[in-house]
J.: 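Please read through the structure below; I'll follow up with questions.
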Number of protein chains: 2
Amino acid sequence: MKKTLFSLLASLLCIGAAAQAVPASTNVPTKEYPCVDAQGRATFQIEAPTATDVQVDICNVKYPMTKNADGVWQVTTDPLVVGFHYYALLVDGVRVNDPNSETFYGCSQQTSGIEIPETPEEAAYYTYNKDIAHGQVRECQYWSEIEQQVRTCYVYTPAEYETSNASYPVLYLQHGMGEDQRGWHEQGHMANIMDNSIAAGKSVPMIVVMDYGNCGYGFGAKAGESMMEFGASFYPVLLQDIIPYIEKTFRVKTDRWNRAMAGLSWGGHQTFDVALTHLDLFAWMGTFSGAIFNMPGTDFKTLYNGAFADADAFNKQVGYLFMGMGSEENFGANTFVKTLNDMGINATYYESPGTAHEWLTWRRCLNEFIPHIFRK
Amino acid sequence: MKKTLFSLLASLLCIGAAAQAVPASTNVPTKEYPCVDAQGRATFQIEAPTATDVQVDICNVKYPMTKNADGVWQVTTDPLVVGFHYYALLVDGVRVNDPNSETFYGCSQQTSGIEIPETPEEAAYYTYNKDIAHGQVRECQYWSEIEQQVRTCYVYTPAEYETSNASYPVLYLQHGMGEDQRGWHEQGHMANIMDNSIAAGKSVPMIVVMDYGNCGYGFGAKAGESMMEFGASFYPVLLQDIIPYIEKTFRVKTDRWNRAMAGLSWGGHQTFDVALTHLDLFAWMGTFSGAIFNMPGTDFKTLYNGAFADADAFNKQVGYLFMGMGSEENFGANTFVKTLNDMGINATYYESPGTAHEWLTWRRCLNEFIPHIFRK
C-alpha cells in the first residue's frame, strides 16, 4: 500500500506543482512525474533521501532540485521547447536516468526522454488516429555475411500490406549518431507519420527499413577511423546484407525508382555517402539536419564521385533530393541546397520553424519528405 | 578521441579484471563493461568521480565498488547463476541504471539487466540460428474500446507466415508483475525459442500475442483493488479488444482448439483466471512460476467457477495444462499439479533445475510448453 499512497500523494503534488500539469507521454506506466503544464514547464521528482545534490539536465540547462523532509527532490523548469528532448538526472554529479521515464537509445546509451506536447492539431500527423488503418513495425533478425553476426532491423509495413498481394517501394531510413534502429520508431513516431500520410492519400504506401548505422559509438570516430569514415562500415552491410534480405523477405519492388534513402544528422551524412555514389540503386533521397559539412571552396562538381557534375543528368536520374533542418540549428542544408540550385540541380530545402537538432525537426522533415517520393 | 582511449583502456582492464571475460550480451553497443568471465563472475564499472559510495545490487546481493584515481568505480562479483538478472547501481544510496547496460522494463521501471551465459549447447534453444528460417515480432497499435485509448501489443509470426496463405493457432503469452508486453521478446528471447522449436519440428507453427497485462504498477494492487483483483482490468481488454483485433488483423484459426494462454508469475495467475473461466475460448494453458496461491484447505472443486469439479469433463476440454517453476523458488506448482492429478485431472509439472524466479526459468518453461499445444 505504500506505493499506492505515495502515488496518490505524487498525483496531488503534480497538480499542485503546476496548474493543469499532466504526466509526460514518455513516462513509464502509472508514473505521475515528470509532468508538463500548459506553458511547457516540466516538473521532475525523484526519491533520493541519501543524495546530497540532485539536478535535472535538459536541453543543456541544469536545474538544481530541492529536497523535502521525506527525501524527495523536485524542480519545475522554465517553459521548454515543444517536442522530444533527451534528459538526465545528476545525482551527486553522476549522470543517471530518471526511473520514471521510458528510456530511449541516444547518446550511445539508454537515456531518459520527455515529450513536451504541441497542440493536438500540430501533433496530429505523428499521433495515433483510431479512425484510419494502421501499419506494423516488425523487428527482424537477419544474418550479416559481412559482419558474421546476427543483426536486427525494424521494418514498417503499411496497413494494406496484410491484405494485398501488391509489391511496394522501400525507403531506407537512418537514425543519427549515438542512436540505433529503434530511434525512428520510438522517438520519431514514424509509424504514425506514415499511417497518417498514407491514409490521407498524401504518400504512396511504402515499406520503411530502419537499421543500425554502426555509428552508436559516441561523438567521434572509432579507433582507426577518421571522422569522415565514421559509420562507413555500415555501407557494405546495407548494400550486400540488408537490401538483399529485405527483397527476399518482403513483397517489394526492386528497381531504382522504387528505392529511396534518407537519414537524420549522421544518417543524412550516410544517405549522401551511399545514395549519391549508387545512383544505379537509389532515385530518391533526403537528409534531415544532415551532418554534411563542406569546407569553403569545396568543388561540388567532384563531390560524391562527381554525382553533381552534370545537372541535367542528375535531374533525370534523381526524382527528389530533399534537405531539411530546424531554424534553430546551423547544419548548412540551406546553403547546400542553394549551391545545388545555382548549379541547375533540383533540390528542395525545408526549414522546421522554432526547432533545433532534435526529433521534432526530424518528424517534420519525414512528413515533408515522404509525399514526394516514389512518384515516377 | 577521449572515448576511444577510454574504451581501449576499459577493454584492457576488462581482460585484466577477470581472465577471459567478455562483454555481456545485454550491454549497449560497444560497451566493454559489464563483462563476464568463464566462472560467471561479472565485473562492473562506472565513471563517477563525484560520488562517495557506489555499489552493484544484483540478485539481492550488494557488492561495494572501489574507486580508482581517475574516479572510475569497479567490482567483480562472486560467480552468478546463469541466465538473465535485473540489477541496479546504488550511487550514494540512490538506485539507478548502469549506463553501459541495455534497459529492460521490469520492477515497473526501465532497469539494467545482465545475461550470465550458459554453455552454447545449453543456450541453443533461445539463441539465433543462422541456418533456419526466422519469424518476426511485430509491434501493433490497436484501439481499445474498453480503455478508450491506443494500446500496443507484440505479435510473433512464424517464418512461414510471410509466404503461406494458411491460418495459424494463437498463443496469448503474458509477462509478470512490473513488466509489460516487451518482456517475453527482450528478456525472454521468445522469438528464438519459437523459431528453433518450429524449425526442429517440435512445435507447430503458431502466432504468439504478447500484451500488457495492466499489472505494471508495482508489487501490490492499485488503489481500490484487492491483491486478487490486481491486473483484472486486463481481462475484458483481452477478451473484447485484443482477441478480436488479432482475429481481424492476422490469418488465425478462431476455434478453442486453436487458442492457448500462458503466462509467467502474475501472468500465470492471469492465465488461470481467464482461461479456466473461459474454457469455451481456450483449450491449452500454462503457468510458469505462476503466482497462484491457495490457502491450506482450499476446495479445488470450487476454484475458477468449478472448472476442476468434473475431472473427466475437464480432461476432454483441456488439451494440455502445464505448470512449471524453478527448483530454487517456492511457487507451489508441484503441489498444485499433484492435487489436480490426485483429482484425476491431467496436468503436467516441470521443474527448471537450479533456477529461481527469473527469466531462465521462464524461457525453459516456454520451450517445454509449446511442443504440447495445438495437437488436436
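What you see is a predicted model; the values in this text were computed from it and never measured. We name chains A, B, ... by the order of the sequence lines, and we start the count at 1 in each one.
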J.: I'd like to know which of B:I46, B:N192, B:V137, B:T111 tops the heavy-atom pair count under 4.5 Å against chain A.
T.: B:V137
J.: Using non-hydrogen atoms only, which part of B:T249 is less than 4.5 Å away from chain A: side chain, backbone, both, or neither?
T.: both
J.: Is B:Y161 close to chain A through its backbone or its side chain, or both, or neither, when contacts mean heavy atoms under 4.5 Å?
T.: side chain
J.: Side chains of A:N97 and B:Q109: does their closest heavy-atom pair fall under 4.5 Å?
T.: no
J.: Atom OH in B:Y245, atom NE2 in A:H134: separation rounded to 0.5 Å?
T.: 8.5 Å
J.: CG/B:N165 to CG/A:N165 distance, rounded to the nearest 0.5 angstrom?
T.: 7.0 Å
J.: Taking all non-hydrogen atoms of both residues into account, name the closest pair between B:Y128 and A:W143 and its distance.
T.: OH-N, 3.3 Å
J.: Taking the side chain as everything from C-beta on, heavy atoms only, tell me whether B:E139 gets closer than 4.5 Å to A:E139.
T.: no
J.: Measure distances from B:V91 to the heavy atoms of chain A and classify the residue's part below 4.5 Å as side chain, backbone, both or neither.
T.: both
J.: Roughly how far, to the nearest 0.5 Å, is the CZ atom of A:F104 from the OG1 atom of B:T103?
T.: 9.5 Å
J.: I'd like to know if the side chain of A:Y212 reaches the main chain of B:P29, judged simply by a donor and an acceptor atom lying under 3.5 Å from each other, with no hydrogens or angles considered.
T.: no
J.: Counting only heavy atoms from other residues, nucleotides and ligands, does the tally under 6.0 Å from NZ of B:K62 exceed 12?
T.: no
J.: Measuring only between side-chain heavy atoms, which start at C-beta, is B:V94 closer than 4.5 Å to A:T50?
T.: yes
J.: With a 4.5 Å heavy-atom cut-off, do B:E102 and A:Q110 have their side chains touching?
T.: yes
J.: Could you note down all residue pairs passing salt bridge (Lys or Arg N to Asp or Glu O under 4.0 Å) where residues 145-167 of chain A supplies at least one of them, sequence neighbours left out?
T.: A:R138-A:E162, A:E147-A:R151, A:R151-A:D211, A:E162-B:R138
J.: Do the non-hydrogen side-chain atoms of A:F250 and B:Q136 ever get within less than 4.5 Å of each other?
T.: yes
